[in-house]
Every structure is written in C-alpha cells, then in structure tokens.
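First comes the structure, then the notes that go with it.
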There are 2 protein chains.
Amino acid sequence: MVVDDLSDGELDRVFRALADPTRRDILVRTMRAGESVSSLAAHYRMSFAAVQKHVAVLERAGLVNKQRHGREQIVHGDPETLHRATTLLERYERLWTDRATRIAGILADEEGSTT
Amino acid sequence: MVVDDLSDGELDRVFRALADPTRRDILVRTMRAGESVSSLAAHYRMSFAAVQKHVAVLERAGLVNKQRHGREQIVHGDPETLHRATTLLERYERLWTDRATRIAGILADEEGSTT
DNA sequence: ATAACGTACAACCAAATGGTTGTAGATGAC
DNA sequence: GTCATCTACAACCATTTGGTTGTACGTTAT
C-alpha cells in the first residue's frame with residue numbers, strides 16, 4: 001500500500017496552505033460541501049480577490065479542486081491530499097514510539113548479556 | 001477526552017513550522033533522539049545562525065523544546081504538539097466521511113425506511 | 001443587446017520570511 | 001587565567017506573502 005509519497009515541494013505547499021485560519025476555514029467548508037468562490041468570499045471581511053488568492057493557494061497544494069458549473073466555480077475539498085499529510089504526521093509521531101522501543105531493547109540487552 | 005485545543009495562532013505556527021524541509025528534517029532527527037543545535041547545524045549547508053532560527057520557529061510552535069546540558073542546548077522533538085496537529089487533520093478528514101454518511105442517510109430515507 | 005454576475009489576473013504595497021555576517025555572553029578544557 | 005566552543009541576538013538584504021484596487025472576460029438573465 002503506497003500510503004504517502006508527497007514530495008518536499010508538495011509538503012511545503014500543503015503545510016503552508018494550512019498555516020492560515022481563513023484557508024483552514026475554507027477547507028472545512030469545502031470538505032463539508034462544494035461552494036462557489038463568491039459564496040465563500042461572502043463569509044469573510046476581506047475582498048473577493050483576497051479569497052480568490054486563498055483558494056488558489058489551497059488548489060496549488062492539492063487540498064481543493066474547482067469544478068466549473070455554469071458561470072460559477074465550485075470549490076471542493078480533496079480528502080486524498082489531506083489524508084497524505086495526516087499520514088506523514090503519524091509517521092513522525094511513530095519516530096517517538098520507535099525510539100522508546102529501541103531504548104527499551106537496549107536496556108533489556110544490558111540486563112542479560114554482553115558488555 | 002480533550003484531544004485537541006490548539007488555538008488559531010498556535011495552529012498557524014505549527015503548520016508554518018512544518019512548511020519547510022529543513023525544519024521537517026530537524027523535527028525528524030530530534031524526535032528520534034535529542035541533538036544539540038550545533039550538531040544539527042552540521043547537517044545543513046546553511047549558517048549556524050540560520051539553523052538556530054529554524055529551531056526557534058519549531059520551538060515557538062511547540063514542536064520541539066530545548067534542554068540545557070552543560071554549554072550545549074539539546075533539542076528534543078515534542079510528540080504531544082505533533083499529535084494535536086495530527087488529530088486536527090483527522091478531524092478535517094472526518095468532515096468528508098460525515099458528509100458521505102449524511103448523503104447516504106438522505107438516500108436511504110428517500111428509498112423508504114429507517115435502517 | 002445590454003446589464004448584472006462570477007471569475008481571472010495584473011499592479012501595487014506593507015509586513016513577514018529565510019538567509020547572511022558580525023558581535024557578545026557563558027561554559028568547559030587546558 | 002586563557003582559549004576554544006556553543007549559543008544568543010542584532011542588523012541587514014532579497015524574496016515571498018497577504019492584502020488592496022482596477023481592469024477584462026465569459027456567462028446568464030432581461
């Protein structure tokens with residue numbers, strides 16, 4: 001199972017995209033259901049163009065995609081990319097437990113034999 | 001169980017800290033085992049001061065902490081903060097499945113019964 | 001056809017980021 | 001004490017970011 005193969009550049013974009021409250025909010029909304037860019041823009045106190053830029057950042061990161069529908073552009077959250085990021089963090093967490101296990105192993109060795 | 005309560009500002013810092021390959025590498029190393037700042041700096045082609053700054057970013061994000069040991073400052077990865085970030089992403093992912101479940105529920109209702 | 005709507009994108013600006021060099025303070029070794 | 005090492009931090013610089021306004025273009029409605 002190929003769990004995760006995001007390149008360094010992709011990871012940069014994914015985490016950078018997540019490092020902004022407006023973008024996280026957009027992600028949450030579009031994960032729940034698709035929403036047009038202007039509909040999204042209505043939720044925030046910034047200009048339409050600013051929201052458009054935030055969506056573009058999320059899109060470049062692969063966290064959302066856009067689907068044309070008439071004159072509207074519907075933004076959808078992409079669970080796949082999000083899942084890959086989650087998996088990576090879980091792997092980082094595992095480094096810690098592996099380390100604990102390794103130390104436990106060393107201690108066990110010292111108690112019983114060589115050295 | 002209070003799984004996760006990172007504020008917006010904390011999340012900004014955590015994800016921003018993760019959005020750089022050098023910092024991700026430092027995190028991996030220090031999760032495996034503590035390492036002094038100068039020892040870390042030896043791994044990269046940038047200046048000592050630059051690495052010091054990266055460590056500071058990770059520290060402000062709560063992803064690592066420093067422990068003075070003699071004249072050295074040992075950097076340790078913090079699995080707790082990392083876990084909180086992971087949990088948040090998992091929650092974001094759940095929005096998707098919840099949405100799918102919700103839709104499935106609606107379809108089931110339309111078909112005629114409550115299963 | 002014309003008006004209104006939704007979007008795209010360029011130009012511009014202030015602030016933050018990621019790097020540099022240089023200086024200075026503690027601590028450990030000799 | 002003196003010297004080398006590890007760290008901290010300021011000042012500076014180029015680039016990126018997050019916001020703005022303005023203009024242009026395709027689509028829908030009247």
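Quick note on labels: first sequence line is chain A, next is B, and so on, each numbered from 1. Since we're looking at a predicted model, the values are computed, not measured.
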request  = Check whether any side-chain nitrogen or oxygen of A/Ser38 sits under 4.0 Å from OP1 or OP2 of C/dT7, and answer yes or no.
outcome  = yes
A/Arg84/A/Glu80 salt bridge by N-O under 4.0 Å criterion = yes
B/Tyr44 OH to C/dG19 C1', straight-line distance once rounded to whole Å = 16 Å
task = Give a yes/no on whether any side-chain N or O of A/Gln52 is located under 4.0 angstrom from OP1 or OP2 of C/dA8.
result = yes
task = Determine: side-chain N/O of B/Gln73 to OP1/OP2 of D/dA8, distance under 4.0 Å, yes or no.
result = yes
remark   = note: A/Arg60, atom CZ; C/dC9, atom P; distance rounded to Å ~ 11 Å
Polar side-chain atom of B/Arg24 near backbone of A/Asp8 as donor-acceptor pair, under 3.5 Å = yes
ask   = How long is the line joining CG of B/Leu58 and C1' of C/dG18, in whole Å?
value = 14 Å
task = Mark yes or no for whether B/Gln73, through its side chain, and B/Arg68, through its backbone, hold a donor-acceptor pair below 3.5 Å.
result = yes
note = B/Asp20 atom CG is separated from C/dA16 atom P, nearest whole Å, by 19 Å
query = Going by heavy atoms in the side chains, are B/Lys66 and B/Val75 under 4.5 Å from each other?
reply = yes
ask   = When all nucleic acid strands are considered with a 4.0 Å heavy-atom cut-off, which category describes A/Ser36: base, sugar-phosphate, or nothing?
value = sugar-phosphate
request  = Write down the distance between CD (B/Glu72) and P (D/dC6), rounded to a whole number of angstrom.
outcome  = 6 Å
note = Between A/Ala17 and A/Leu58, the two heavy atoms sitting closest are CB-CD2, 4.1 Å
task = Heavy atoms only: give me the nearest A/Trp96-B/Gly77 pair and the separation to one decimal.
result = CZ3-O, 4.4 Å
note = All heavy atoms of A/Val14 vs all of A/Ala85, minimum pair found to be CG1-CB, 3.9 Å
query = Which residue lies toward the 5' end of DNA chain C, B/Thr22 or A/Ile74, if each is placed at its nearest nucleotide?
reply = A/Ile74
task = Quick one: closest heavy-atom pair of B/Ile26 and B/Val51, and the distance?
result = CD1-CG1, 4.2 Å
ask   = Are any side-chain N or O atoms of A/Ser36 and backbone N or O atoms of A/Glu72, one a donor and one an acceptor, separated by less than 3.5 Å?
value = no
request  = Report yes if a side-chain nitrogen or oxygen of A/Lys66 is closer than 4.0 Å to either non-bridging phosphate oxygen (OP1 or OP2) of C/dA8; otherwise report no.
outcome  = yes
ask   = Mapping B/Val37 and A/Val51 onto DNA chain D by nearest heavy atom, which one lands closer to the 5' end?
value = B/Val37
request  = Give the angle between the helix axes at the two ends of the helix from C/dA1-D/dT30 to C/dC30-D/dG1, taking five base pairs at each end and rounding to 10°.
outcome  = 30°
message = Can you give me the closest heavy-atom contact between A/Tyr92 and B/Met31, atom names plus distance?
response = O-CE, 3.3 Å
note = Protein heavy-atom contacts under 4.0 Å, written 5' to 3' over nucleotides 21-30 of chain D as B (base), S (sugar-phosphate only) or - (none), form the string B-----BB--
key: Whole angstrom value for the distance that separates C1' of D/dG18 from CD1 of A/Ile26   = 13 Å
request  = Nearest whole angstrom, please: distance from the P of D/dC9 to the CD of B/Glu59.
outcome  = 10 Å
key: Whole angstrom value for the distance that separates P of D/dT7 from NE2 of B/His54   = 16 Å
